[in-house]
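Computed over heavy atoms, backbone and side chain alike; hydrogens, waters and symmetry mates excluded.
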Amino acid sequence: MPNTEEKLNEGMTSGYIGFDPTADSLHVGHLTQIMTLIHFQNAGHKPFALVGGATGMVGDPSGKSDERNLQTPEMIEHNLKGMKNQLSKFLKFEEGGNGAVMVNNADWFKDMNLFTFIRDVGKHITVNYMMAKDSVKRRLEGDSGLSFTEFCYQLIQGYDFYHLWKNENCLVQMGGSDQWGNIVTGTELIRRKDAGTAYAITTQLIKKADGTKFGKTESGAVWLDPAKTSPYKFYQFWLNASDDDVKKWIRIFTLKNKEEIEALEIEHNAAPHLRILQKALAEDITIKTHSAEALETAIKTSEFLFGNGSLEFLKSLSENQVLEMFEGIPQFNISKSELSAGIDAATLLAEKATVFPSKGETKKLIQGGGVSVNKEKVADAMQVFNTENLINDQFIVVQKGKKNYFLLIAE
């Protein structure tokens, strides 16, 4: 928006980004805007994180093809708490100066009735103005249409901006480029209602080089909450970035300077198979989102699964951490009482757990040196395993070759 840069160069300015509490955790799709707030604060400005306790009950039509499910106030309150905890890891929330502030738009909407809203807000923005927005036009042309509830969303978000401008001297609203229509409704409301001036900054939406949606994997969204997406899986998401994507993402999702990034790129280009850029990005963002300890566990998990990691590491994990680590890997339940009597390798892997299709196949693989149990090669199909071989008195890890894992769970 014109003159935004000049305004920011004048001195400390307050600005905000809104987050809808549609879940009790943010996900990597929110990280672009979180990074925008971090840069904003690091540049000496005052960031406001608005959580939409009120707007979350309505739903934003921007970028959506269907209406969002409405949530109860209790669900929203639960989601807000989770989001507050996460945002406090990235921003400095402190009194005075340019300390970050969290606000909830339910605080100013909860006592406002319909007549007050249409008198104080609705009369300033024409239907023609609202209909001209791309997010509205797309939905009107689509199969599902647009409910009146969603149509009002831009007025509600516009009033958020007006309220923060009026009461908190919040002059800038930031967001993804899909939010442009909603943001300028706010600047227009400020202009028409109080003849005021406000500013806008939008960032490009992140797209992957292969055209698939950023932040999604085969198993769904990549969450910032370690209970929803383990630090190991979070780390792997960044580690698996393509070379084309990582060169963009390391500039967006880390605070490394130009010289650091260019030095890493030279190193990476000399030996792309070492994935130096991906490791640098994955380490930086995992520490920022979780902790240095979580990163260490993620790296050791990767080493265990894909390298020569130690069995001692696996023994240090809880039952949930082990199951999480082997999620998506074939798992078989075996009888602990049968195992206590001792079972030979061929019977264990072909009958008690159908890791391999037959005893003959199992023997052939073992003879070829292709089977490991608990990271040790099985030398003989008649080698006996018992409860002493259980890791944490519960698990046996089987490998076919280096990368094909199977988990036996004794019950």
Side-chain angles (χ1 to χ4, degrees), residues 219 226 230-237 239-240 273-275 278-279 282-283 286 292-411:
S219 54
S230 69
Y232 161 69
K233 286 192 173 166
F234 185 83
Y235 173 78
Q236 284 292 320
F237 169 77
L239 197 62
N240 290 328
H273 64 284
L274 296 178
R275 303 183 76 74
Q278 283 90 342
K279 284 178 183 172
E283 288 175 12
T286 302
E293 292 74 26
L295 170 66
E296 190 181 348
T297 301
I299 291 172
K300 283 182 177 175
T301 302
S302 300
E303 285 172 355
F304 184 89
L305 291 173
F306 306 112
N308 299 310
S310 105
L311 211 58
E312 291 308 308
F313 163 68
L314 203 61
K315 291 175 182 174
S316 72
L317 300 180
S318 69
E319 179 185 352
N320 282 344
Q321 285 175 314
V322 173
L323 292 172
E324 205 170 60
M325 177 174 167
F326 288 98
E327 189 184 332
I329 284 166
Q331 298 179 4
F332 303 90
N333 293 325
I334 56 173
S335 162
K336 192 180 274 190
S337 59
E338 285 185 18
L339 188 65
S340 63
I343 306 173
D344 66 84
T347 304
L348 177 66
L349 302 177
E351 291 181 1
K352 302 303 179 186
T354 53
V355 173
F356 304 120
S358 67
K359 278 188 171 184
E361 178 78 12
T362 307
K363 287 174 183 175
K364 198 183 293 179
L365 285 166
I366 289 171
Q367 282 166 1
V371 178
S372 297
V373 168
N374 293 345
K375 289 284 184 180
E376 287 186 10
K377 280 261 178 12
V378 180
D380 183 350
M382 295 311 292
Q383 183 177 337
V384 173
F385 293 92
N386 57 36
T387 48
E388 287 181 13
N389 298 104
L390 290 173
I391 297 164
N392 297 350
D393 198 36
Q394 194 174 9
F395 304 107
I396 290 177
V397 177
V398 181
Q399 280 169 275
K400 176 188 170 186
K402 278 191 176 180
K403 294 185 179 177
N404 295 305
Y405 280 89
F406 309 88
L407 185 68
L408 308 191
I409 305 168
E411 293 178 333

### Task
Decide yes or no on side chain to side chain contact (heavy atoms under 4.5 Å, CB included) for Glu283 and Ile299, but give the supporting numbers first.
CA-CA 9 Å; Glu283 288 175 12; Ile299 291 172; 4.1 Å; yes
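- When Asn389, Leu390, Leu317, Val322 are each tested for a side-chain contact (heavy atoms from CB on, under 4.5 Å) with Phe395, only one passes: Val322.
- The cationic group of Lys364 does not satisfy the cation-pi geometry with Phe356, failing either the under 6.0 Å distance to the six-membered ring centre or the 45° limit from the ring axis.
- Taking both residues in full, the closest heavy atoms of Tyr405 and Phe304 are given as OH-O, 2.8 Å, listed atom of the first, atom of the second, then distance.
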### Task
Take Phe313 and Glu303 through the side chain to side chain contact (heavy atoms under 4.5 Å, CB included) test and state the conclusion after the steps.
CA-CA 10 Å; Phe313 163 68; Glu303 285 172 355; over 6 Å; no
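- Rounding to the nearest 0.5 angstrom, the gap separating the CG atom in Leu323 from the OG atom in Ser318 is 8.5 Å.
- Only one option out of Thr387, Leu407, Leu408 pairs with Ile396 in a side-chain contact (heavy atoms from CB on, under 4.5 Å); it is Leu408.
- Here the CG atom belonging to Asn392 is positioned 8.5 Å from the OG atom belonging to Ser316, to the nearest 0.5 angstrom.
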### Task
Check the pair Lys402, Phe306 against side chain to side chain contact (heavy atoms under 4.5 Å, CB included), reporting the backbone distance first and the verdict last.
CA-CA 7 Å; Lys402 278 191 176 180; Phe306 306 112; over 6 Å; no
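- Smallest separation of non-hydrogen atoms from Gly401 and Gln399: O-CB, 3.6 Å.
- Distance CD/Glu324 to OH/Tyr232: 11.0 Å, rounded to 0.5 Å.
- Side-chain N or O atoms of Asp380 include one that pairs as donor or acceptor with a backbone N or O of Met382 at under 3.5 Å.
- Taking all atoms of both residues into account, the shortest heavy-atom contact from Ile334 to Ala353 is CG2-CB, 3.9 Å.
- Note that OG of Ser230 and CG of Asn320 are 11.5 Å apart. Values are rounded to the nearest 0.5 Å.
- A donor-acceptor pair is defined here as one N or O able to donate and one able to accept, closer than 3.5 Å; no such pair exists between the side chain of Asn386 and the backbone of Ser340.
- Taking each heavy atom of Ala282 and Leu239 in turn, the nearest pair found is CB-N, 4.0 Å.
- At a threshold of 4.0 Å, the pair Glu312-Lys315 counts as salt-bridged, since one of the basic side-chain nitrogens sits closer than that to a carboxylate oxygen.
- Panel note: side chain Lys352, backbone Leu339; no donor-acceptor pair is recorded below 3.5 Å.
- One distance of note links CG of Leu305 with CD1 of Ile329; it measures 5.5 Å at 0.5 Å rounding.
- Around NZ of Lys377, the count of heavy atoms belonging to other residues, nucleotides or ligands within 6.0 Å does not exceed 12.
- Residues Ala298 and Pro231 approach most closely at CB-O, 3.8 Å, considering heavy atoms.
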#### Entry: Verdict with supporting geometry, Met325 and Leu314, side chain to side chain contact (heavy atoms under 4.5 Å, CB included)
CA-CA 10 Å; Met325 177 174 167; Leu314 203 61; 3.7 Å; yes
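- Atom CD of Gln383 has more than 12 neighbouring heavy atoms from other residues, nucleotides or ligands inside a 6.0 Å radius.
- Residues Glu351 and Ile343 are not in side-chain contact: their nearest non-hydrogen atoms beyond the backbone lie 4.5 Å or more apart.
- Between the Glu361 side chain and the Ser358 main chain, no donor and acceptor come within less than 3.5 Å of each other.
- A 6.0 Å sphere centred on NZ of Lys400 holds no more than 12 heavy atoms belonging to other residues, nucleotides or ligands.
- Note: Glu338 CD to Leu348 CG = 10.0 Å, rounded to the nearest 0.5 Å.
- Listed for the Gln331 side chain is a donor-acceptor partner under 3.5 Å among the backbone atoms of Phe326.
- Shortest non-hydrogen contact noted between Phe385 and Val378 is CZ-CG2, 4.1 Å.
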